[in-house]
Peer 1: 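If you scroll down you'll find the structure; I have some questions about it.
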Amino acid sequence: MNGRTVTTDLLLGLAPIALLIAAWQALVSFGYAPVTLLPPPGQVFTRMIEQLLSSTFQQDIAATLFRLFVGFSIAVVLGVVIGLVAAASSPVNAVVRPIVRVLAPLPKVALYPALLLLLGFDHESKIALVAADALFPILLSTYYGASTVEQKLIWSAMAAGTPHHGLLLKVVLPAAAPSILTGCRIGLVISCIVVFLAEMITSTNGLGHVLVTAARTFQAVDMFVPLITISLLGLILNGALEGLRSYLLRGFPEI
Amino acid sequence: MIAGRALLARVTPLLACCGLLAVWQAAAIALHNDSFPTAVDAIRAIPSILGDKDALINIMASLRRMAIGFTVAVAVSIPLGLLMGRSRFVASFFNPLLMVIYPVPKAALMPIIMLWLGVGDLSKTLVIFLGVSLPVIYHSFAGAKAVEEKMLWSGAAMGLSAAQRLMRIVLPAALPEILTGCRTGLVLALITMITSEMIARQSGAGNILFNALDMGEYDTVFAMIIIVGAMGIGLDALFERIRARLVRWSEPQFDIPLSFS
């Protein structure tokens, strides 16, 4: 992996995005799509910069991010703890396993009306939905990572005198870290998607709400802006998680 | 003993269902809230929904859209993912584009797609297709990338062409990973199905659910939640069975519990 291949890869990767934008522009300028339905890319991007500088839009982004982070953090804490404990103790496993089997494939969005009725229309119901959706990938990959830890590692740690309760934190958690972080990454993408959807269903602020308001008034330009924003947010968060991952896993062989 | 254990494995999810319903019932009685019916009330509302012809047609329409979107997405995504896994060129061509699209909620594209294609089946199926294809592409990509080089070399040495190697070595070797992606895709298909119908209130299970919510028919809301949940669990169980049959040879050691003794 030298500098030149990275640049070629980057150029190659930017090509389809550039092509897409070019095709978009072509559709508009050759009159295949009316401007009211498909605004030209230039207009969308200027509008986007305009919006990013306005304080109401910034508040919407802040609201979305707040829900996303709180929900995701709850999911990480619960997922890692339950996953580790379920892998370590068989009575807990016997209880958790069937419940997870039932709840994991359940489409959580369908639960959203119930959450709305129980927790109200404010932050809580959206945070609960994000947490519920991001929980299972994290839980399952933690469980998977923790139950495939090499038994020899555990025996060595025990032989070296690690106390029984220290094993989970000192051996199993670090050994399962790659798998846990993969789960977190999936959970993060799902959180991005779900927080947006929840805001589209009922909300008074947030990016999803911006989209719905634009759709109701047929402002096509304003409909593209929140979508591009959530995509950028997802990219930035993903990059941050990637950085965290390479920092945390610096001792591991490349996976 | 083995039969007993298999029986137990089959019964425990049912027990879990009953347990969750019991918790719900207890919570509903404890909270005593008008907008939170008890589990028994919700279950009692199910037959009236399933007996209603309109509702049944709606739910079938949802399932049909989901099946079409899912099938097309899998058919397109697996070859693309495999190619990405085996060719650096293809991978670096598509990767950034997919990374940009991944965090966009596909159902949120619904309002825009509706402007172009109308509120009919086409836009909803397209949204489901988009939602399913990304995880399937990613997992096929990861699976194809992890194929052992030696197997490919042996294949090449025995005179298989590149296309044959892809079909006969890469595809089977990546199959467990691909199926994991399909399973994620299945759950996402259900999510997108419900939300797309919620946004374009015209037909489908999501439409019934959110209309009931707007009209304050809380029994119907919770009954629909049970129905949609049962759909998810049923489809997942079915898929799991197919998966177990297809990749019997590579049963992951997932079931071995970690012991400290």
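Letters go in sequence order (proteins before strands), and every chain restarts at 1.
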Peer 1: Taking B:Leu186, B:Val187, B:Ile225 one by one, which has the highest count of heavy-atom pairs under 4.5 Å against chain A?
Peer 2: B:Ile225

Peer 1: Please tabulate, for the side chains in residues 191-201 of chain A, all donor-acceptor contacts under 3.5 angstrom to protein atoms that are two or more places apart in sequence or on a different chain.
Peer 2:
{"residue": "A:Ser191", "atom": "OG", "partner": "A:Gly187", "partner atom": "O", "Å": "2.6"}
{"residue": "A:Glu199", "atom": "OE1", "partner": "A:Thr64", "partner atom": "OG1", "Å": "3.2"}
{"residue": "A:Glu199", "atom": "OE1", "partner": "A:Leu207", "partner atom": "N", "Å": "3.1"}
{"residue": "A:Glu199", "atom": "OE1", "partner": "A:Gly208", "partner atom": "N", "Å": "3.1"}
{"residue": "A:Glu199", "atom": "OE2", "partner": "A:Thr64", "partner atom": "OG1", "Å": "3.2"}
{"residue": "A:Glu199", "atom": "OE2", "partner": "A:Arg67", "partner atom": "NH1", "Å": "2.6"}

Peer 1: Side chain from CB out, backbone as N, CA, C, O: work out which of these in A:Leu118 comes under 4.5 Å of a heavy atom of chain B, or both, or neither.
Peer 2: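 Contact with chain B involves the side chain of A:Leu118 alone.
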
Peer 1: Could you check if a side-chain atom of B:Phe94 sits within less than 4.5 angstrom of a side-chain atom of A:Pro16, using non-hydrogen atoms only?
Peer 2: no

Peer 1: Could you tell me whether the side chain of A:Lys108 reaches within less than 4.5 Å of the side chain of B:Ile191, counting heavy atoms only?
Peer 2: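 A side-chain contact under 4.5 Å is absent here.
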
Peer 1: Top residue by heavy-atom pair count (under 4.5 Å) with chain A, among B:Ala237, B:Ala16, B:Ser92?
Peer 2: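 Most heavy-atom pairs under 4.5 Å with chain A: B:Ser92.
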
Peer 1: Show every salt bridge (charged side-chain N to carboxylate O under 4.0 Å, His left out) that has at least one partner inside residues 214-240 of chain A, sequence neighbours left out.
Peer 2: A:Arg47-A:Asp222

Peer 1: By a 4.5 Å heavy-atom criterion (distance strictly below it), what part of A:Ile228 contacts chain B: side chain, backbone, both, or neither?
Peer 2: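 Answer is neither: A:Ile228 stays 4.5 Å or more from chain B.
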
Peer 1: With a 4.5 angstrom heavy-atom cut-off, which part of A:Leu227 approaches chain B: side chain, backbone, both or neither?
Peer 2: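 Answer is both: backbone and side chain atoms of A:Leu227 are under 4.5 Å from chain B.
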
Peer 1: I'd like to check the side chain to side chain donor-acceptor pair (under 3.5 Å) partners of B:Ser123; sequence neighbours left out, ordered by chain and number.
Peer 2: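 For B:Ser123, no residue satisfies side chain to side chain donor-acceptor pair (under 3.5 Å) once neighbours in sequence are set aside.
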
Peer 1: Just checking heavy atoms, which of residues 204-212 of chain B are less than 4.5 Å from chain A?
Peer 2: B:Leu209, B:Phe210

Peer 1: Contact part of A:Leu20 toward chain B, heavy-atom cut-off under 4.5 Å: side chain, backbone, both or neither?
Peer 2: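 Contact with chain B: side chain only.
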
Peer 1: Given a strict heavy-atom distance threshold of 4.5 Å, which part of B:Leu97 is in contact with chain A: side chain, backbone, both, or neither?
Peer 2: both

Peer 1: Any heavy-atom pair between the side chains of A:Pro98 and B:Leu15 that's under 4.5 Å?
Peer 2: no

Peer 1: How far apart are the C-alpha atoms of B:Val228 and A:Val109, what are their side-chain angles, what is the distance that settles it, and do they pass the side chain to side chain contact (heavy atoms under 4.5 Å, CB included) test?
Peer 2: CA-CA 10 Å; B:Val228 173; A:Val109 187; over 6 Å; no

Peer 1: Of all the heavy-atom pairs spanning A:Ala114 and B:Phe222, show the shortest one and how long it is.
Peer 2: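 Residues A:Ala114 and B:Phe222, closest heavy atoms: CB-CE2, 3.5 Å.
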
Peer 1: Where on A:Leu232 is there a heavy atom nearer than 4.5 Å to chain B: the side chain, the backbone, both, or neither?
Peer 2: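 No part of it gets close to chain B.
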
Peer 1: Non-hydrogen atoms of chain A under 4.5 Å away: do they reach the side chain of B:Met99, the backbone, both or neither?
Peer 2: both

Peer 1: Hey, which of B:Leu213, B:Leu14, B:Val221 has the most heavy atom pairs under 4.5 Å with chain A?
Peer 2: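 Among B:Leu213, B:Leu14, B:Val221, the one with the most close pairs to chain A is B:Leu213.
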
Peer 1: Would you mind checking which part of B:Val100 comes under 4.5 Å of any heavy atom in chain A, side chain (CB onward), backbone (N, CA, C, O), both or neither?
Peer 2: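 When you check distances to chain A, atoms from both the backbone and side chain of B:Val100 fall under 4.5 Å.
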
Peer 1: Locate the shortest heavy-atom distance separating A:Pro107 from B:Gly229; write the atom from each residue and the value.
Peer 2: CD-CA, 4.4 Å

Peer 1: Examine whether an atom of B:Phe89 lies under 4.5 Å from a heavy atom of chain A, and if so say whether it belongs to the side chain, the backbone or both; otherwise answer neither.
Peer 2: both

Peer 1: Tell me, side chain or backbone of B:Ile112 under 4.5 Å from chain A's heavy atoms, or both, or neither?
Peer 2: both

